[in-house]
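In what follows, a structure is listed as structure tokens, so that the remarks can point back to it.
Keep in mind that what you see is a predicted model, and the values were worked out from it rather than measured.
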Amino acid sequence: MSTRRMTMAQALVAFLVVQRCQRDDVSEPLFAGVLGIFGHGNVAGVGQALQQDGRLRYVLPRNEQAMVHTAVAYAKQRNRLQTWACTSSIGPGATNMVTGAAVATVNRLPVLLLPGDVFASRRVNPALQQLELPGRPEATVNDSLAAVSRFFDRINRADQLPASLMEAMRVLTDQAETGAVTIALPQDVQAEAFDYPAELFEPRSWRIERPPPAPQALADAAALLRSARRPLIVAGGGVLYSDASAALRELAAVTGIPVAETQAGKGSMPYDHPCALGALGATGTRGANLIARDADVVLAVGTRLGDFATASRTAFQHPELRLIGLNVAGYDAHKLGALPLVADARAGLGELAAALAGHHVDPGYGEVVAEHVRGWDEEVERLTAAAEGPPTQAQVIGAVNRCSQPRDVVVCAAGSLPGDLHKLWRTRDPRGYHLEYGYSTMGYEVAGGLGVKLAVPDREVLVMVGDGSWLMMSSEIATAVSEGVRLTVVLIDNHGFGSIGGLSRSLGSDGFGTGYEQRVDFAANAASLGAICERAATVAELEAALGRARDADRTSVIVVECDASRGVGSYESWWDVPVAEVSEMPAVQRARAGYERERERQRPLLGPTGDGNG
Ligand SMILES: Cc1ncc(C[n+]2csc(CCOP(=O)(O)OP(=O)(O)O)c2C)c(N)n1
Ligand SMILES: [Mg+2]
């Protein structure tokens, strides 16, 4: 057997370089590069290997949590076909990645994490930053990553590496299992030599298949849809990852079945498609939520059916509701008692379209849908139209949307912006809307925007971020500037947590602990990181600043003050946030009474009983 004598870290890097991912007729390197922050736990191992090998692009981010967001955003924008590896030192560098790992796993997005770890030999224990739990010598802080990873391993001997790498690649590229994949690398083992089999370093292609639905399940699903009087399709992120938006558009156009979108699925339909009802659920449009309420058959495609999408299980009220779960992951396909259609979204939608040939919804139902679509367009116009004076957040969204080109990408994650964007942003391209709303992580926005721009450098990337999120993590502005990556960031200063402040007031708690007393000069803050800065006091000023940002040679941050009290309402929806059952505060007691009323509409959604699902 031919072998190569290398350190464990050198072998790891040489392996990553030659991994490829393939789907349909597209084949790309699985790893776009490595994001890494060095410390004593990885500088002499992985760091030395990266420098010596030299083939992988290396980027130096400013924060380990941020670098995982960047990698995750890249993978999302590339429909899970490509990602980055992230290397950290031991201790705090590694635990800083826990939040990013959870983002990846919750959103089912592939990322490879390579935290350094304490000496496997234990000869210097305790090493700097070692946890030391008396009685558990094998425990390290990296165990916290195991809780949020789909695959977790620790390479305690150099010869363990090949088997671990093969399994890690399988999980990264398995559409049903993907998420954070962590291989912890003890710092002594990284530098140890071993005679690795030469074939480990031969190019390898990981093929992403498009599994079709089982024939009987397909027939049952088609029969359910044919029998439906008020069918609805719910489009989730899986529609986009599977590159199925054309298939969905076609199915909707031919059958007239309306489509509502989750946060991850927004963009599956162009906003002006006659069947596009827009956002569903807690942050949904009036039309989508009313149609969902009365729908008798719901085809849920590529969605986790989280509480925002289902309005905490109040969205669907039809007494004989039947759900069909088209999902590549059996786990998701079976949710809420659905008839499971375990398949790739594009393959499944194609087969459903064939099975539904000649079928069309009742014309009366089509008219109801068309009326909702028209009505919502007017509502968006009303809320987002330009006006004089200090703008509302909806008007800011309108301005950014009007100034954008169809292929531009808007990026956001937490606060009140996601709900408003879900309702109001007019998406014209399947990949034009990038929301991290599975984990809704404050601090994702700028770091994620960087990942999106790295993934699609030919598209304009518009990051929308609240002041709270900005203060939590804006460090990657410096990375964007130093890497020559141009972002346009619109920062909404509403003096604190507009979203949670509003929620708190609606629950009787008067906004306690959600407002900033101290003003921050965000423009000066952004300028200090190297960005071009502007302040916009009106919609007209914002539009002018957006134009300049597009032509600028580096990242721009535009700060807009908004009054949090002038927010967008909610439309026929609810979100379950439990209110104190007993309280000395009358406002809380009133909120509790309202809460109990709403909870009566919650449904267990366990599916049919008896002779199965057909
Ligand atoms: C890391 C993290 N911590 C806490 C939260 C809970 N949370 C959700 S929105 C929000 C406030 C966000 O403030 P800001 O970015 O200013 O947006 P706004 O609510 O004002 O629109 C908080 C604290 C979160 N989503 N993420
Ligand atoms: Mg705010």
### Salt-bridge criterion met for R407 and E460 (N-O under 4.0 Å)
no

### Expected output: side-chain R80 to main-chain R108 donor-acceptor under 3.5 Å
yes

### Task
Please determine, by modelled atom types, if S469 and E445 share a side-chain donor-acceptor pair under 3.5 angstrom.
yes

### Query
Does a side chain donor of either Q175 or E209 reach within less than 3.5 Å of an acceptor in the other side chain?
no

### Message
Using salt bridge (Lys or Arg N to Asp or Glu O under 4.0 Å), reason through R535 and D521 one step at a time and then give a plain yes or no.
### Response
CA-CA 10 Å; R535 293 183 184 84; D521 185 344; 2.8 Å; yes

### Message
Holding to ring-ring contact (aromatic ring centres under 6.0 Å, His included), I want the full list of residues that pass it with W206, two or more places apart in sequence or in another chain.
### Response
none

#### Entry: Counterpart residues, side chain to side chain donor-acceptor pair (under 3.5 Å), relative to W425 (two or more places apart)
none

## Note on the structure
side-chain contact (heavy atoms from CB on, under 4.5 Å) filter on E379, not counting sequence neighbours, yields W376, R382, L383, Y571

### Message
Taking side chain to side chain donor-acceptor pair (under 3.5 Å) as the definition, give me every residue that meets it alongside S528, ordered by chain and number, with sequence neighbours left out.
### Response
none

### Set of side chain to side chain donor-acceptor pair (under 3.5 Å) partners for H422, sequence neighbours left out
T283

### Query
Would T173 and R23 count as having a side-chain donor-acceptor pair, cut-off 3.5 Å?
no

### Task
Kindly write out the residues that satisfy side-chain contact (heavy atoms from CB on, under 4.5 Å) with E177, not counting sequence neighbours, or none if the list is empty.
R150, R170, V171, D174

### Query
Would you call the rings of Y74 and W84 parallel, tilted or perpendicular if under 30° counts as parallel and over 60° as perpendicular?
perpendicular

### Message
Check this for me: does any side-chain nitrogen of one of R428 and D272 sit under 4.0 Å from a carboxylate oxygen of the other?
### Response
no

### Message
Do I492 and V396 have side chains that approach each other closer than 4.5 Å (heavy atoms only, starting at C-beta)?
### Response
yes

### Non-neighbouring partners of Y241 that pass ring-ring contact (aromatic ring centres under 6.0 Å, His included), sequence neighbours left out
none

#### Entry: Set of salt bridge (Lys or Arg N to Asp or Glu O under 4.0 Å) partners for E534, sequence neighbours left out
R548

### Message
What verdict does the salt bridge (Lys or Arg N to Asp or Glu O under 4.0 Å) test give for D24 and R207, after you've listed the backbone C-alpha separation in whole Å, the side-chain angles of each residue and the deciding distance to 0.1 Å?
### Response
CA-CA 9 Å; D24 307 330; R207 193 164 69 204; over 6 Å; no

### Query
So do S89 and V43 actually touch side chain to side chain, heavy atoms under 4.5 Å?
no

### Task
Taking N63 for its side chain and Q65 for its backbone only, find out whether a donor-acceptor pair lies under 3.5 Å.
yes

### Task
Evaluate whether atom OH of Y331 has more than 12 neighbouring non-hydrogen atoms of other residues, nucleotides or ligands under 6.0 angstrom away.
no

#### Entry: Residue pair S242 / R346, side-chain donor-acceptor N/O under 3.5 Å
no

### Summary
ring-ring contact (aromatic ring centres under 6.0 Å, His included) filter on F201, not counting sequence neighbours, yields none

### Query
Taking Q19 for the side chain and L16 for the main chain, is one N or O donor matched with an acceptor at less than 3.5 Å?
no

### Query
Is it true that a side-chain atom of R20 and a backbone atom of S27 form a donor plus acceptor pair closer than 3.5 Å?
yes

### Task
Answer yes or no: does atom CD of E28 have more than 12 heavy-atom neighbours from other residues, nucleotides or ligands under 6.0 Å?
yes

### Message
For E250, give me all partners under salt bridge (Lys or Arg N to Asp or Glu O under 4.0 Å), at least two apart in sequence or on another chain.
### Response
none

#### Entry: Donor-acceptor contact below 3.5 Å, side chain E436 vs main chain Y439
yes

### Query
Going by an N to O cut-off under 4.0 Å, is there a salt bridge joining E483 and K453?
no

### Query
Can you name the one residue among E261, H273, R249 that meets side chain to side chain contact (heavy atoms under 4.5 Å, CB included) with S268?
E261

### Query
Given side chains that start at C-beta, do those of V181 and L113 come closer than 4.5 Å, heavy atoms only?
no

#### Entry: Counterpart residues, ring-ring contact (aromatic ring centres under 6.0 Å, His included), relative to F15 (two or more places apart)
none

### Query
Does some side-chain heavy atom of N107 sit less than 4.5 Å from a side-chain heavy atom of V72?
no

### Flag, side chain of N327 to backbone of V342, donor-acceptor distance under 3.5 Å
no

### Query
Is there a donor-acceptor contact under 3.5 Å linking the side chains of D493 and W470?
no

### Message
Using modelled atom types and a 3.5 Å cut-off, is there a donor and acceptor pairing between side-chain atoms of T441 and backbone atoms of Y444?
### Response
no

#### Entry: Verdict with reasoning, Y433 to Q263, per side chain to side chain donor-acceptor pair (under 3.5 Å)
CA-CA 9 Å; Y433 183 87; Q263 279 280 12; 2.8 Å; yes

### Query
Going by heavy atoms in the side chains, are F522 and D467 under 4.5 Å from each other?
yes

### Query
Going by atom types only, do S499 and S416 share a side-chain donor-acceptor pair under 3.5 Å?
no

### Message
Using modelled atom types and a 3.5 Å cut-off, is there a donor and acceptor pairing between side-chain atoms of T555 and backbone atoms of V485?
### Response
yes

### Donor-acceptor under 3.5 Å (N42 side chain, S88 main chain)
yes

### Message
Check whether D377 reaches the backbone of R374 with its side chain - one donor and one acceptor, N or O, closer than 3.5 Å.
### Response
no

#### Entry: Residues in side chain to side chain donor-acceptor pair (under 3.5 Å) contact with N79, at least two apart in sequence or another chain
R431

### Query
Is the closest side-chain heavy-atom distance between D553 and R486 below 4.5 Å?
no

